[in-house]
Amino acid sequence: NPAEAIHVAKNKFLTYLALKKHHVPTPVSALLARKKDVSAALGYIRAFCDERQPQVVIKPLMGSKGAGVQKLSVDRAADLLSQRNLVRNP
C-alpha cells in the first residue's frame, strides 16, 4: 500500500475528507484541533442535532478498535468538551 494511503487510513479526519471528496456518504463531522475550536464545534453540533439525532459520537483522531469512542447526548458532549482538557493545543 502507498505510504499516503496508510497515513490517511490511520487518521480519522483525513479518512473523512477522502470519503467526502469521493462522494461517499458520511456523518456530519467536526475536528477539534485547538481549544478555541470547541465553542464553534458545539454550535455546529447543535445545528445538526435534533430530536431525530439527539446523540453525537466523540472519538480520538488516531486510534482503532473503538478505543476512546463515546456516544453522548449533545448536552453531555458539550459539558465534556467544555470541562475536560480533551483538546491539547491552545
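Small disclaimer: the values here were computed from a predicted structure and weren't measured.
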On a heavy-atom basis, the closest approach of Ser73 and Arg76 is OG-N, 3.0 Å
For His23, which residues count as a side-chain contact (heavy atoms from CB on, under 4.5 Å) partner, sequence neighbours excluded? none
Could you walk me through whether Glu4 and Val8 pass the side-chain contact (heavy atoms from CB on, under 4.5 Å) check? CA-CA 6 Å; Glu4 177 65 17; Val8 170; 3.5 Å; yes
Shared-cluster residues of Val24, by chain and number - hydrophobic side chains joined below 4.5 Å: Leu19
If I take atom CG from residue Leu17 and atom NZ from residue Lys12, how far apart are they, to the nearest 0.5 angstrom? 14.0 Å
